[in-house]
Amino acid sequence: MTVAGRASEARKISVERDRCVGAGQCVLAAPTVFVQDEEGGLVLVLDGEPPASQSDAVREAVWACPSGALALR
């Protein structure tokens with residue numbers, strides 16, 4: 001995807017994996033952006049700068065994270 005395909009409101013996702021508790025709420029909210037690793041179930045980001053079409057899902061994932069491991073910058 002080109003830069004033109006990303007909305008100005010789309011931001012970078014930051015993750016503090018040491019804060020992640022593996023609840024999986026991020027994966028439920030935005031499965032094309034987040035997955036959980038096989039070993040501990042901790043969050044992995046598939047796309048650190050997701051397209052604008054994923055903005056609502058990413059905001060929901062950040063909001064739903066019980067440990068506060070996700071943030072938008």
Side-chain angles (χ1 to χ4, degrees):
M1 173 168 279
T2 66
V3 174
R6 298 182 188 271
S8 60
E9 72 178 67
R11 302 179 209 156
K12 291 184 180 182
I13 299 167
S14 66
V15 176
E16 291 183 55
R17 282 182 43 96
D18 59 328
R19 291 184 70 176
C20 180
V21 295
Q25 298 303 305
C26 55
V27 178
L28 292 173
T32 62
V33 179
F34 302 101
V35 295
Q36 289 175 279
D37 70 23
E38 301 262 336
E39 294 169 19
L42 302 180
V43 65
L44 294 172
V45 179
L46 296 174
D47 186 352
E49 295 184 56
S53 63
Q54 294 296 309
S55 292
D56 289 342
V58 170
R59 279 194 299 274
E60 175 68 22
V62 171
W63 177 84
C65 180
S67 65
L70 303 174
L72 293 174
R73 327 183 243 128

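Bear in mind the structure is a predicted one, so any value in this text is a computation, not a measurement.
Of all the heavy atoms in Cys26 and Ala61, the pair that sits closest is CA-CB, 3.7 Å. The heavy-atom pair separating Ala57 from Ala29 by the smallest distance is CB-O, 3.4 Å. Listed here is the closest heavy atom pair of Arg73 and Arg11: O-CB, 2.7 Å.
Atom CG in Leu28 sits 10.0 Å away from atom CD in Glu60 (nearest 0.5 Å).
Residues Val35, Leu46 make up the rest of the hydrophobic cluster containing Leu44, defined by ILVMFWY side-chain heavy atoms closer than 4.5 Å, directly or through other members. Hydrophobic cluster membership for Ile13: Val15, Val27, Val33, Phe34, Val43, Val45, Val58, Val62, Leu70, Leu72 (Ile, Leu, Val, Met, Phe, Trp, Tyr linked by side-chain heavy atoms under 4.5 Å, directly or transitively).
For residues 13-23, the pairs satisfying side chain to side chain donor-acceptor pair (under 3.5 Å) are Arg17-Asp37, with sequence neighbours left out.
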